[in-house]
Amino acid sequence: MGVPQRKLGKRVAPASGAIIRDRALSFRDVIGQRRPYVKVVQLLEILQDIDFLEFEVVEDHVLGEEEAISFPDQSFMRIKQMVYDKAANDDGHCRFTIAHELGHLLMHEGQASYARGTTGEHPIFEDSEWQADTFASEFLIDQRLIPANANEDVIIEMFGVSRSAAEHRLTKFRREK
């Protein structure tokens with residue numbers, strides 16, 4: 001048996017983790033996000049009010065297995081009702097999902113829709129899904145605010161993310177120090 005192929009998104013312009021971090025942190029700065037915890041649902045509503053993007057919350061069955069989908073060429077995202085509601089109630093996974101879709105809109109402007117599940121043969125730094133995941137992690141967990149002695153529980157409490165997101169980001173943060 002061969003090695004399973006990782007699931008990739010669409011091939012996009014290459015972007016390193018450092019470039020994506022700069023974009024995520026710059027966006028935090030532009031929107032005036034000084035506190036660790038980002039209220040992603042409130043942010044979406046504000047961004048829609050100022051015509052920066054549009055989003056629609058749909059019944060769960062409409063998107064099938066997808067939690068949300070972005071259309072960067074239209075500055076539009078569609079979000080399952082369950083995901084939107086859970087994000088509004090501080091669910092770390094659902095907040096990450098929305099930040100991920102926001103990453104597509106900000107980083108893949110002018111390109112067609114994005115959904116997981118496609119396969120391809122391109123490097124990870126050219127992958128739309130990896131880039132959006134990296135954006136969401138950097139945006140939700142601002143490295144400038146991580147205390148030197150932080151553990152996963154501190155990251156979860158400060159930034160309101162899932163345990164897996166906290167573990168992944170903290171491992172990366174320590175490796176880069």
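What you see is a predicted model, and the numbers here were worked out from it, not measured in a lab. Residue numbers start at 1 and run along the sequence shown. Computed from heavy atoms alone, side chains included, the values below leave out hydrogens, waters and symmetry copies.
Under the rule for a ring pair (Phe, Tyr, Trp, His ring centres under 6.0 Å), the partners of F139 that lie at least two apart in sequence or sit in another chain are F27, F135.
Rounded to the nearest 0.5 Å, atoms CD (E138) and CG (D133) are 11.5 Å apart. Here the OG-CD distance, from S162 to E152, works out to 11.5 Å after rounding to the nearest 0.5 Å. Here OG of S26 is found 11.5 Å from CD1 of I31. Values are rounded to the nearest 0.5 Å. Rounding to the nearest 0.5 angstrom, the gap separating the CE atom in M77 from the CG atom in L105 is 4.5 Å. Here CG of L106 is found 9.5 Å from OG of S70. Values are rounded to the nearest 0.5 Å. Atom-to-atom distance recorded for R21:CZ and Q143:CD is 4.0 Å, nearest 0.5 angstrom.
No option in V38, D142, L43 other than V38 meets the side chain to side chain contact (heavy atoms under 4.5 Å, CB included) test with Q33. Just one of V58, D60, V62 meets the side chain to side chain contact (heavy atoms under 4.5 Å, CB included) condition when paired with Q81; it is D60.
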Mind running side-chain hydrogen bond (donor to acceptor under 3.5 Å, both in side chains) on H104 and Q131 for me, showing each step along the way? CA-CA 8 Å; H104 281 307; Q131 289 182 8; over 6 Å; no

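Listed here is the closest heavy atom pair of I79 and L63: C-CD1, 4.1 Å. Residues A166 and I155 come closest through the heavy atom pair CB-CG2, 3.6 Å. Closest approach of I141 to A165, counting heavy atoms only: CD1-O, 3.9 Å. Heavy-atom minimum distance, V12 versus D127: CG2-C, 4.1 Å. Of all the heavy atoms in C94 and D91, the pair that sits closest is N-OD2, 2.8 Å. Closest approach of G9 and H122 over heavy atoms only: O-CE1, 3.2 Å.
Residues V57 and R78 have side chains not in contact (no heavy-atom distance under 4.5 Å, counting atoms from C-beta outward). Proximity of L53 to E101: side-chain heavy atoms (C-beta onward) are nowhere separated by under 4.5 Å. Contact check for P147 versus M158: side-chain heavy atoms found under the 4.5 Å cut-off. Contact annotation: the side chain of E157 never approaches that of V154 to less than 4.5 Å [non-hydrogen atoms, C-beta and beyond]. Taking 4.5 Å as the limit, some side-chain heavy atom of F125 sits within range of a side-chain heavy atom of P14.
Cluster annotation: L25 is not connected to V161 through the hydrophobic network of ILVMFWY side chains, with a link wherever side-chain heavy atoms come within less than 4.5 Å. Under a hydrophobic clustering in which Ile, Leu, Val, Met, Phe, Trp and Tyr are joined whenever their side-chain heavy atoms come within less than 4.5 Å, directly or via other members, I50 and L102 fall into the same cluster. A single hydrophobic cluster is seen to contain both L170 and F96, as judged by linkage of ILVMFWY side chains at heavy-atom distances under 4.5 Å, directly or through other members. No path of Ile, Leu, Val, Met, Phe, Trp and Tyr side chains, each step under 4.5 Å between heavy atoms, connects M107 with I19, placing them in separate hydrophobic clusters. Cluster membership for L140 and L145, using ILVMFWY side-chain heavy atoms within less than 4.5 angstrom, is shared.
Residue pairs satisfying the ring pair (Phe, Tyr, Trp, His ring centres under 6.0 Å) criterion with at least one member in residues 32-61, sequence neighbours excluded, are listed as follows: F55-Y84. Note on residues 29-53: pairs passing salt bridge (charged side-chain N to carboxylate O under 4.0 Å, His left out), not counting sequence neighbours, are D29-R144.
E67 and H100 share no donor-acceptor pair across their side chains, judged by distance under 3.5 Å alone.
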